[in-house]
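For reference, the structure discussed in these notes is given below.
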Protein chains: 2
Amino acid sequence: MKLSTKGRYGLRAVLDLAVHDTDEAVALSQIAERQGISMNYLEQLIPKLRKAGIVKGIRGAQGGYILAKPADKISTGDILRALEGDLNPVDCAEITNGESTCSNSDTCVTKYVWKRISDSINDAVDGIMLSELVEESKRVQTGDPTDNNKTKQSCGK
Amino acid sequence: MKLSTKGRYGLRAVLDLAVHDTDEAVALSQIAERQGISMNYLEQLIPKLRKAGIVKGIRGAQGGYILAKPADKISTGDILRALEGDLNPVDCAEITNGESTCSNSDTCVTKYVWKRISDSINDAVDGIMLSELVEESKRVQTGDPTDNNKTKQSCGK
DNA sequence: TTAAAGCCGAGTGATTTAATAGGAATTAAA
DNA sequence: TTTAATTCCTATTAAATCACTCGGCTTTAA
């Protein structure tokens with residue numbers, strides 16, 4: 001029941017991009033270096049983020065990546081689902097799409113549990129927008145004394 | 001971000017035990033047969049459940065397993081954590097035990113996300129007692145028409 | 001023209017998963 | 001007192017997944 005490095009590295013990378021996304025595109029090599037993540041590996045995560053409409057690539061020299069939409073329109077749920085696939089604890093059709101294709105569906109009781117877990121995870125991550133993490137990140141890095149959370153940027157190795 | 005068969009099979013097995021736990025011990029072979037799970041594999045999950053104080057083994061002929069305490073004192077969280085280990089999405093010391101052993105702890109922002117996920121999962125499963133599943137299971141199997149949930153017992157393969 | 005960057009797919013070693021198997025210890029019942 | 005049922009324990013293994021690495025192609029600003 002652990003997130004893979006796809007989700008952990010990927011969220012850090014998107015946050016790094018969001019923090020440094022001003023007017024110019026951000027090269028993946030910069031993100032990789034700042035975050036201490038292999039660039040080759042990060043590169044593999046990009047297609048997932050691009051297809052999900054989270055980042056856009058700018059090709060050619062001086063290219064890089066930018067957010068495909070404003071950070072307050074991207075939730076951590078969007079990012080994590082793009083990277084990890086659905087965030088359901090089991091592959092159960094009734095939880096994912098409401099269809100009852102499981103042969104045991106009538107007498108299945110544990111699905112009651114899986115559904116509750118699934119909803120709670122998705123509600124949690126959908127409630128955190130990327131913009132909130134960006135703000136928190138800036139607060140931490142500037143050493144603003146109003147910050148009570150003392151959070152950082154690469155936890156969860 | 002999926003539960004393994006340890007958690008899925010294990011919860012089904014404990015629920016099966018709870019439903020059939022009357023006065024006599026329930027043999028693992030019976031649980032395995034009813035649930036369609038390899039008995040050899042189920043056997044491997046038992047030590048985890050025993051150490052967590054969830055089931056008790058009765059050795060010898062006519063032996064089997066019984067619940068170590070009443071079903072309304074066992075949460076699905078207890079069962080799943082016994083089988084899967086902690087239900088945190090990342091291995092982060094500050095989430096697990098409150099200690100700040102991570103070198104990036106000061107500037108880590110993503111841990112804010114991991115913490116929210118972790119809390120929501122654990123709150124969800126701690127809020128469902130085994131006794132509730134037993135009741136739901138009996139309602140489903142007896143075909144009680146007051147049942148609106150239409151749940152069953154082995155979903156989440 | 002060239003170098004910096006994104007884009008794409010194949011390959012790989014290590015780890016984890018999901019089992020299978022065999023045998024020892026215990027105990028109710030014949 | 002034997003026997004059979006059952007828990008208990010450990011080792012092995014095939015397959016899958018993970019976490020990368022690598023090489024080459026395409027695009028484009030300078």
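Side chains are part of it too, since the values below use all heavy atoms of this structure and drop only hydrogens, waters and symmetry mates. Throughout, protein chains are lettered first and strands after them, A, B, ... in sequence-line order, and every chain is numbered starting at 1. Computed from a predicted structure; not experimentally measured.
As a whole-Å value, the separation of A:Leu45 CG from C:dG9 P is 16 Å. Distance A:Asp91 CG to C:dT17 C1': 15 Å, rounded to the nearest Å. Rounded to an integer number of Å, the gap from CD of A:Glu24 to P of C:dA4 is 16 Å. Taking atom NZ of A:Lys2 as the reference point, atom P of D:dC18 lies 14 Å away to the nearest angstrom. Computed from coordinates, the B:Leu42 CG to C:dT20 C1' distance equals 14 Å when rounded to whole Å. Going from atom OH of A:Tyr65 over to atom C1' of D:dT27 covers 12 Å, rounded to whole Å. Distance NZ (A:Lys56) to P (D:dT27): 18 Å, rounded to an integer number of Å. Atom CG in A:Leu83 sits about 12 Å away from atom P in D:dA19, given to the nearest Å.
The B:Ala27 side chain lies nearest to D:dT7 when the options are D:dT7, D:dT21, C:dA5. For B:Gln44, whose side chain is taken as the heavy atoms from C-beta onward, the closest listed nucleotide among C:dA19, D:dT6, C:dA5 is C:dA19. Considering only side-chain atoms of A:Tyr41, the nucleotide from C:dA19, D:dC20, C:dG6 that sits closest is D:dC20. Of all nucleotides listed (C:dT17, C:dA10, C:dC7), C:dC7 comes nearest to the side chain of A:Ile46. Candidate nucleotides D:dC20, C:dA19, C:dA3 were compared by shortest atom distance to the side chain of B:Tyr9, and C:dA19 ranks first.
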Might you list the N or O atoms of the protein lying below 3.5 Å from N or O atoms in nucleotides 23-26 of chain D, with each pair's distance?
| residue | atom | partner | partner atom | Å |
| --- | --- | --- | --- | --- |
| D:dT26 | O2 | A:Arg59 | NH2 | 2.9 |

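Nucleotides of DNA chain D nearest to B:Val26 and A:Met39 differ in position, and the one nearer the 5' end is that of B:Val26. Mapping A:Gln62 and A:Arg50 onto DNA chain C by nearest heavy atom places A:Gln62 closer to the 5' end of the strand.
One finds the CD1 atom of B:Ile31 at 9.0 Å from the NE2 atom of B:His20 (value rounded to the nearest 0.5 Å). Atom CG of B:Leu15 and atom CD of B:Glu132 lie 12.0 Å apart (nearest 0.5 Å). In this structure, the separation between CZ on A:Arg8 and SG on B:Cys92 is 10.5 Å, given to the nearest 0.5 Å. B:Asp21 contributes atom CG, which lies 11.0 Å from atom NZ of B:Lys56 (distance to the nearest 0.5 angstrom).
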Carefully, step by step, assess A:Ile117 and A:Met1 under the rule side-chain contact (heavy atoms from CB on, under 4.5 Å). CA-CA 11 Å; A:Ile117 297 176; A:Met1 205 43 184; 4.2 Å; yes
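In the model, B:Thr5 has a side-chain atom that pairs as donor or acceptor with a side-chain atom of B:Tyr41 under 3.5 Å.
By the 4.0 Å N-to-carboxylate-O rule, B:Asp78 lies close enough to B:Arg81 to be salt-bridged with it.
Regarding contacts with the backbone of C:dT20, a side-chain N or O of B:Ser38 is found under 4.0 angstrom from either OP1 or OP2.
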